[in-house]
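Only one structure is covered here, and it is reproduced in the block below.
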Amino acid sequence: MKDLFISAIELGKRLKNRSLTCRQIVDATYQRIDAVDHQVKAFISLMTESAYIQADAVDRLLDAGQELGPLAGVPIAIKDNICTKGYRTTCSSKMLENFVAPYDATVMTKLHQNHLISIGKTNLDEFAMGSSTENSAFFTTRNPWDLERVPGGSSGGSSAAVVCGEAFLSLGSDTGGSIRQPAAFCGIVGIKPSYGRISRYGLVAFASSLDQIGPFTRTVEDAAHILNVICGPDPMDSTSAELPPVDFSTALGKDIKGLRIGVPKEMMGDKIADDVRQAIEQALDVYRSLGAIVEFVDFDMFDYAVSTYYIIAPAEASANLARFDGVRYGYRSESATNLREMYTRSRGEGFGPEVQRRILLGTYVLSSGYYDAYYLRAQKVRTLIKNGFADFFSRYDVMMTPTSPSVAFKVGDHSSDPMAMYLADIATIPANMAGLPGMSIPCGFSRDGLPVGLQILGKAYDELTVLKAGDAYQRVTNFHLKQPSMNQVAS
Amino acid sequence: MSPKYEMVIGLEVHAQLSTNTKLFCGCSTKFGADVNTNVCPVCLGMPGALPVLNRDAVTMAVQAGVALNCDIQHESVFARKNYFYPDLPKGYQISQFELPVCLGGSLDIEVDGAVKRIGITRIHMEEDAGKLLHQGAMGIADSTYSLVDLNRACTPLIEIVSEPDLRSAAEARAYVETLRQILRTIGVNDGNLEEGSLRVDINISLRHVGATQFGTRCEVKNVNSFRSIDRAIASEFIRQQEVLESGGRIVQQTRNYHDDTQTTTPLRDKEDAHDYRYFPEPDLLPLLLTDERIQSIRAAMPELPHAICRRYQQGLGLTRADADILIEEIGMRRFFEACLACAQDISPKEISKWVIGDLNALLKPKGGFGPSLSLSPEYFVKLIRLISSGALSGKMAKEMLPQLIETDQDPDVLMANLGGGQISDESTLLEIVRKVISENLDVVEKVKSGKTASANFLMGQVMKQSQGKAKPDLVMSLILAEINT
């Protein structure tokens, strides 16, 4: 079915004019999953029963002539660290393999209120810790552009699903780049809004001060519309920002003449693969041709950001993951004979190696005697990073960098070298440290035909400018319309 | 022989705040519900659930701080205190650590008539843990299995930390009693030590009398009655004294008090102390209190016990004992105050006499002055007013009181139902008196001959004929006047 590869907004229109029914598109989506997911492995579980109930409800409403939102009836995939009432939420961990949340995350409630159809839960690196989905306790998701390669991570299942027609939209979470990097690797749009834009209630926490939910979409236009659905303050999340509602679709179709783009030299140097850098340079040319002002600047926050990230994120994670103790839910070791063993064995057997590594790191940096040298110092550097960005955005409207130093790597390439994997997040981490909105959009291909992502960062709560810049680019380019070969076979 | 050692005591008091809902979620804090019924994803520590601070709990913590003369902090910060235990659902307790909501206050205590000012180091807010129900043993170690009840998890507590200013068990006890009275009076805590809504940890060390440096301290836990405060301190004093006397050194440790044996046993040494790895709670913003908010809490502060006591004695003329009873019995005091408000014409002393005396005695077996009391202060005051106006005798009023409590009917109506009030109309009484005299001339003679006590017989006859309604003092004066004319 060709309709599986159109944008969510276009699908919404076809559902509204009844050239398609919601049941038909949900059927087609599950058929596509049946056909390709044994190769792509994007999904951990499907929400078939509720999807059809929701689809039939949307069809009834549309048949009755009810006015619904632009994304009503659109199938969306959900990263499996977002709680879905009545369906498993595993975080790709043995620890939560059979965990069914008794409540819906706030974003889920918003999706349902706006009549989107949640179709299933997607794979991730265990507890969102990783950049490839190789840390999933269950399986590694494959990149639809090249099944030998990773889709990026941690939200790799969500990005892969959108590329290969298994969903029109998906939700991910981004703690250090977990939306933007897989979006880049899979050649789609991924946006992490400002910290506080979207409620984290029901997102299983990795690093609370860095985590942010965000969408994967095929176009910037879709991104603006899904943000309209999921953003907004939530009384259940004290860190959600009390801001007046924004219509993100007002960013679409705007002239960007005079837009001031700053490009950190550090992110265009030898840390960056040649074909990635070339694609970015060409994208900057496109922006110049649209009347934007592009300047290369010194901005030396990237290395600091990575170092401090790997103190703050594990520190918060070590506490966030303490609740997985085998007492109330989740995995409990069979072999424990006393309380201490119940803890150590349940956690030792339930968590994978990367999760354990980060818990140990975090426990260490918070320990008495080390706290000042690590955690406290990292928080100070974090303040400096925020100040650095504030200074930058006093002169520029957006920052542009490659989303990732490389294109998608092969399964197994980095999995034995955590440091190499950590450095792959160098371009994306700073936005989390400073709470800024960041988006990755496809901007070209490597020599091997793999997608390259352009990262656009904006100042806090200025998603509009980020979306405006991305949308203007997509109106004059067609990288976002390119499909992996597995889609051509299907259509 | 004068004592060789002096004890130095500092107290950490955990007080459960009397909010309707928990500190970080909307679950009820009601005591005694079925296990694991007052729970939700937040207080169960479910993945993805987030805390939201209870505004009432903040108000109550600030009220406690104001009552204890603390500096209320414009910015305080919640932190995670990390440790594993099955009653702690998140694996960390949300507490305040470096920046608590109140700093530096004081509390005046009175021991043997002398007032002493005890320093308050800080007050911080935190959430409570759940409860473990061990099966087949008292502790987790020997039990066959243990069950977890999380109804109490996440209920709001304040921890009030004193300076090491206390020097005796009597002072420690006075401190806790005074503190308890304040917290109860301002309505932030119910003061129940046995149910654990007020918990006391005692830090105690010994030093030679006259020494200026503190000795090594031990912390004594599991003290849950006023009696055990005295006993735990006494037993720990003796233990430490024996160690020092035998040339030993006190090891800094946490000890558990056992009321059955009146001894303490070690719980953990300092080197086994947890490294709680505190760090600021990223799920909550710093608690910011504006001057306006603090001012409005100050302005609306309930009256403190010592102010009430002064007002009752100096303003209303109550005795200290009656004032103390009214301060201790909060429901009784509320009723008393409600009576005062509608009884400008009656002396407060008269009201307090009736409230503390007859009314209290009648209510005691029926749940006291609690919410089940339907008696309206207006009617109760009206009853007292009927006595002072002479419409009712004190005896009649006492007889009417149970019915008044039961029915909460207008005393006028009750009085009418009983066949009217006291007869104080002189001409009516004179008629009866003359009749009685004419029927008992022999007795009249006795009175005339000096046996004045015999007048009481005549009085009794008058009361009999008036069905007890005659106003006694008026009757007596009428009898004497009639005989002597």
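A note on names: the letters A, B, ... follow the listed sequences, proteins ahead of strands, and every chain is numbered from 1.
- With B/L50 as the fixed residue, the side-chain contact (heavy atoms from CB on, under 4.5 Å) test singles out one of A/D237, A/T106, A/D234: A/D237.
- Within the 4.5 angstrom heavy-atom criterion, atoms from both the backbone and the side chain of A/V204 approach chain B.
- Nearest heavy atom pair, residue B/D275 against residue A/S367, reads OD2-CA, 3.4 Å.
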May I have the list of side-chain donor-acceptor pairs in residues 129-141 of chain B shorter than 3.5 Å, sequence neighbours left out?
unit_1	atom_1	unit_2	atom_2	d
B/H134	ND1	B/S146	OG	2.7
B/Q135	NE2	B/L133	O	3.0

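- For A/N81, no part sits under 4.5 Å from any heavy atom of chain B, backbone or side chain.
- Contacts with chain A (heavy atom to heavy atom, under 4.5 Å) involve these residues of residues 282-290 of chain B, listed by number: B/P282, B/D283, B/L284, B/L285.
- Heavy-atom minimum distance, A/S238 versus B/P51: OG-O, 3.1 Å.
- Of all non-hydrogen atoms in A/F324 and B/P47, the two that sit nearest each other are CE2-CG, 3.7 Å.
- Between B/F279 and A/Y375, the ring planes are perpendicular. Angles over 60° get that label, and only those under 30° would be called parallel.
- Summarising the local packing, CD of A/E334 is surrounded by 12 or fewer heavy atoms from other residues, nucleotides or ligands at distances under 6.0 Å.
- Heavy-atom distances place the side chain of B/V148, and not its backbone, under 4.5 Å from chain A.
- For A/T308, there are no side-chain hydrogen bond (donor to acceptor under 3.5 Å, both in side chains) partners at least two apart in sequence or on another chain.
- Distance check: A/S208 OG to B/R80 CZ gives 4.5 Å after rounding to the nearest 0.5 Å.
- From B/N82, atom CG reaches atom OG1 of A/T363 across 8.0 Å, with rounding to the nearest 0.5 Å.
- The distance from the OG1 atom of A/T89 to the CE atom of B/M46 is 11.0 Å, given to the nearest 0.5 Å.
- Across all non-hydrogen atoms, the minimal contact from B/A49 to A/Y103 is N-OH, 3.1 Å.
- Judged by distance alone, with hydrogens and angles left aside, the side-chain atoms of A/Y343 form a donor-acceptor pair with the main-chain N or O of B/Y85 at under 3.5 Å.
- The contact between B/L44 and chain A is made entirely by backbone atoms, counting heavy-atom distances below 4.5 Å.
- Using non-hydrogen atoms only and a strict 4.5 Å limit, the part of residues 20-43 of chain B facing chain A consists of B/P41, B/V42.
- At a 4.5 Å heavy-atom cutoff, A/R340 makes no contact with chain B through either its backbone or its side chain.
- For the pair A/L339 and B/P86, the minimum side-chain heavy-atom distance is below 4.5 Å.
- For the options B/Y83, B/F84, B/Y92, heavy-atom pairs under 4.5 Å to chain A are most numerous at B/F84.
- Proximity to chain B is absent for every atom of A/A101, based on heavy atoms less than 4.5 angstrom apart.
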